[in-house]
**Student:** 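Following this message is one structure expressed as structure tokens.
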Amino acid sequence: MENPFSHAPDRREYVYLDNAATTPLDGRVAAAMLPYLQRAGEVPLGNPSSLHRSGAVASEAIELARERVAALVGAAPERIVFTSGGTEADNLALFGLARSAPEGKRHLVVSQVEHAAVRESVRALEREGFAATWIGTDACGLVDPEEVRDALRDDTALCALMWANNEIGTVQDVAAVAAICAERGVPFHTDAVQAAGRERIDVSEVPATTLALSAHKLYGPPGAGALYVREGAHLAPLAFGGGQESGLRSGTENVPALAGFGVAARLASEELEARSEHERALRDALIAGATAVEGVRLNGHPARRLTNNVHLTVPGAESESLVLMLDALGFAVGQGSACSSSGHKASPVLEALGQGPEEAFCALRVTVGKDNTEEEVEAFLKAFRECVERLRELAPAGYGAGYGAGRG
Ligand code: PLP
């Protein structure tokens, strides 16, 4: 008899709904990377810094990728610094801007709902002596730009607000905050890792000083990212060495990954609208189906929301169990609170929303992607209903109280 709790689902049947964690590599991207992983051309791939033809092949691949990544955000190619991913791009922006700020500027303004790559960078800067003002949100995870305006000071070295949140999917009014910072002459960083490929991004309209991107969130390979750096911005490097990437990121470039990032960015630009429309329809079907289950609530903003994000509170269904049960049935989804597995504490994002450990304990994140289908969403909803019902039956008295199975 088939064991529904086996952890070896039939691969062909497996439905991936965790696209905020990472996206599957697009076959077209993989094909474009192959020549840089194998000897496919006339000469083997060299070090991009080398003068010979092998070096030139590598260097040309990087410059083409730079043009494509720049085009995704409306930037000039020379404004793009390649990194190993979103985390490094965020770190480079935060440390780079803070450490090169004029003397006496030791204050940072940052939202409470940033990804750990920004949040932990700011905490490290606090340990170096910087003082931070942490901006809260409303119950939907939205930052009020006027609160940011009020927090800016004459000694503010930088302000950071993410474009869109990785947990709850709320899309911030980054244009307003960037404009406020530009008016005050305060460098502004935005983490656009989740937004890129979903939201239209144009740095000629949004005056961000720096903007972080990651390839593996837009169907490219892991291990590649980029930081857009506005002309005239002062940034101290994090890594010292051969002076690659205009001296801002020393180290021999990861040519295959960057070539893949370039193609992924080109495809994201070309297919942005079609992908977003497709994702939005699947997202809305998921929200309607999931919140029809008794007690299930949607977190994040109802309208200012990433096209692929569904973040739920599922009372009476502990999220770790729900994720594992769904996995056994062939569905990959995310736990809704980054910290819920370690000590059952709400993540800083859910805390900013005013939620406590109880809600974090039963939070679930379902994120669709361009390759998902309506049939997959329907199958997921059926499995979701079954799993929630079963977990509520099993929940200790009181925990699942009032939800199905008549437990008291
Ligand atoms: N910023 C956000 C909003 C993210 O969602 C992530 C990845 O989860 C990162 C930064 C880090 O990106 P990477 O995994 O490329 O280091």
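Both counts, for ligands and for their atoms, begin at 1 and track the order of listing.
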**Student:** Using residues 24-32 as the side-chain source, report each donor-acceptor pair under 3.5 Å to any protein atom, sequence neighbours left out, with the distance given to one decimal.
**Tutor:**
residue: Asp26; atom: OD1; partner: Arg28; partner atom: N; Å: 2.8
residue: Asp26; atom: OD1; partner: Arg28; partner atom: NE; Å: 3.1
residue: Asp26; atom: OD2; partner: Arg28; partner atom: NH2; Å: 2.9
residue: Asp26; atom: OD2; partner: Lys370; partner atom: NZ; Å: 2.9
residue: Arg28; atom: NH1; partner: Glu271; partner atom: OE2; Å: 2.8
residue: Arg28; atom: NH2; partner: Glu271; partner atom: OE1; Å: 3.3
residue: Arg28; atom: NH2; partner: Glu271; partner atom: OE2; Å: 3.2

**Student:** Would you call Arg198 and Glu279 a salt bridge, taking side-chain N to carboxylate O under 4.0 Å as the test?
**Tutor:**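 Answer for the salt bridge query: yes.
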**Student:** Does Glu78 pair with Arg66 as a salt bridge, N-O distance under 4.0 Å?
**Tutor:**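 Looking at Glu78 and Arg66, the cut-off is not met.
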**Student:** Please confirm whether Arg106 makes a cation-pi placement over Phe130, using NZ or CZ under 6.0 Å from the six-membered ring centre and within 45° of the ring normal.
**Tutor:**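 Yes, Arg106 lies over the aromatic ring of Phe130.
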**Student:** Do the side chains of Arg392 and Glu318 get close enough for a salt bridge, i.e. N-O under 4.0 angstrom?
**Tutor:**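 Salt bridge between Arg392 and Glu318, a charged N being under 4.0 Å from a carboxylate O: no.
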**Student:** Any Lys/Arg nitrogen of Lys105 or Asp154 sitting under 4.0 Å from an Asp/Glu carboxylate oxygen of the other?
**Tutor:**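 Salt bridge flag = no for Asp154 with Lys105.
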**Student:** Taking any residue with a non-hydrogen atom under 4.0 angstrom from an atom of ligand 1, which ones do you get?
**Tutor:**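 Its neighbours under 4.0 Å (heavy atoms only) are Gly85, Gly86, Thr87, Asp90, His115, Met162, Asn166, Asp191, Val193, Gln194, Ser214, His216, Lys217, given by chain and number.
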